[in-house]
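One structure is given here, and the rest of the page talks about it.
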Number of protein chains: 2
Amino acid sequence: MLDSPLIERRSLATELVERLRGLIQEGQLRPGDKIVEPELCERFGVSRTPLREALKVLAAEGLIDLSPNRGARVARISPEAVEELFPIMGMLEALAGELCIGRMGTADLALLEALHTRMVAHWRAGEWAPYGRLNRQVHEEIFRIAGNGALAALYQSLLIRTHAIRFMARKTPERWAEAIDDHERIMAALRARDAAALNLIMREHLRHKADVVHEVLKQLDEG
Amino acid sequence: MLDSPLIERRSLATELVERLRGLIQEGQLRPGDKIVEPELCERFGVSRTPLREALKVLAAEGLIDLSPNRGARVARISPEAVEELFPIMGMLEALAGELCIGRMGTADLALLEALHTRMVAHWRAGEWAPYGRLNRQVHEEIFRIAGNGALAALYQSLLIRTHAIRFMARKTPERWAEAIDDHERIMAALRARDAAALNLIMREHLRHKADVVHEVLKQLDEG
DNA sequence: AAAATGAATAATGAATGCAAAATGCAAAGG
DNA sequence: CCTTTGCATTTTGCATTCATTATTCATTTT
């Protein structure tokens, strides 16, 4: 018998969780926005029950804040939260890098090199969007090679919380160059399979990312 | 005006999340158990709506598995999951230790010493329960001193997933001694404020904990 | 007797309804 | 004119209801 792909069966709540995550990530719903249940119900054509289930899940993920009888708001990320979250993400990336070094074959490294090279090319060309996409791909690839699904999932969930901010403002050229430099050093450590060095660089890289987010938050405050 | 503590307002769903977490932690609900909604509704005297919201949250936390139209089960922890989760927890504890060293005052260290000493005394007396309690307190205290709430919350959520297993079987005397030795070395690194050393020990300590859980899982399989 | 079928039963998914709480706003009072 | 109070409206929390999907078990079939 041909193995047919299983029929995907999803609850409305699950679907809604993903849709809402998407809306928050791409800025349709912005940090601080009030979420009114009847409004979203109409938008998606569902009743309040599955929507409320979805909101509870998003609240557990930290993407929205729920206050009893007062409804939901898209979570704002505070400078304090950045100072808490990014060191954690640094550790997770450091672990991913370490596992990656222990498991990657030549093909894996070659793929990372290719992605890195293309990323740098886009930087040189000043092409922000494709640069960002490849940057993300490099990190995702490292997690994939690391082969720890729970680690990847955890990192992803923390990343989303900060992503809502980042698309809202642009990096300075200096910060951009700094990020490229970090990535060069990451690649060097991967080539050398130097776990200790990669560990340090990853955490430093995330420290820099935190700095960028702080600058963005300041921009938003002023502008 | 005297600042009165705010009146605590909780939804039934929130209450249920905590109650159910408790039931799972203390083994009233065991890994693999089917969760039947009407049953729990009767038990807690609530309708299915808030219960279902709670189940969605617990599923997001990884404590239960939900399959569409087929209901919920308390999540089983697999050896593979242990191999994924414990290295992550090791990194989180390592970060907590590092932050702790950077922030602890003499009073903090003294408190840790006191807890440690009492813990060792219970070990010598072979008193398992109070030992376990103090062990937990030591780790909690380190996270408290570290002063990163998100880190503590994340660690806690990973810890709960494994706790459901651990109460089910007992450590061997060798493993117990090993844990004590780890803790001695943790205290030594804290006294010396040696972050690098603490980092290594914490990760090793969690590696040992993972080994213990593997042994417990094997016991459960056989027995 | 074992496997397959189908009807009865029970559980889940989602919508609706209702009571309690919050919000907005106009009128009354300072 | 600004603040406060009370009422109408809106929104949320939860229970109930209805429809759909599993599960169980007796019956049939091989």
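Proteins come first, then strands; the chains are lettered A, B, ... in the order of their sequence lines, and each starts at number 1.
- Across B:M104 and B:L190, no two heavy atoms sit closer than the pair CE-O, 3.1 Å.
- Taking 4.5 Å as the limit, some side-chain heavy atom of B:E37 sits within range of a side-chain heavy atom of B:L55.
- Residue contacts shown for B:R10 are absent, as no nucleic acid heavy atom lies under 4.0 Å away.
- Residues B:N199 and B:E98 meet the side-chain proximity criterion, which asks for heavy atoms closer than 4.5 Å.
- Taking for each of B:L12 and A:R9 the nucleotide of DNA chain D with the nearest heavy atom, the 5'-most of the two is the partner of B:L12.
- Of the residues in residues 32-40 of chain B, B:K34, B:I35, B:V36, B:E37, B:P38 come within less than 4.0 Å of DNA chain C through at least one heavy atom, sorted by number.
- By the 6.0 Å contact criterion, CZ on A:R19 is open, its count of non-hydrogen atoms from other residues, nucleotides or ligands being 12 or less.
- B:H208 is linked by a ring pair (Phe, Tyr, Trp, His ring centres under 6.0 Å) to nothing, counting only residues two or more places apart in sequence or in another chain.
- If you check residues 48-73 of chain A against DNA chain C, the residues with a heavy atom closer than 4.0 Å are A:R48, A:T49, A:P50, A:N69, A:R70, listed by number.
- Judged purely by distance below 3.5 Å, without hydrogens or angles, the side chains of A:H205 and A:E93 never pair a donor atom with an acceptor atom.
- Across every non-hydrogen atom of A:P130 and A:E127, the tightest pair is CD-O, 3.5 Å.
- Once rounded to the nearest 0.5 Å, the distance linking CG of B:L95 with CE of B:M91 reads 8.5 Å.
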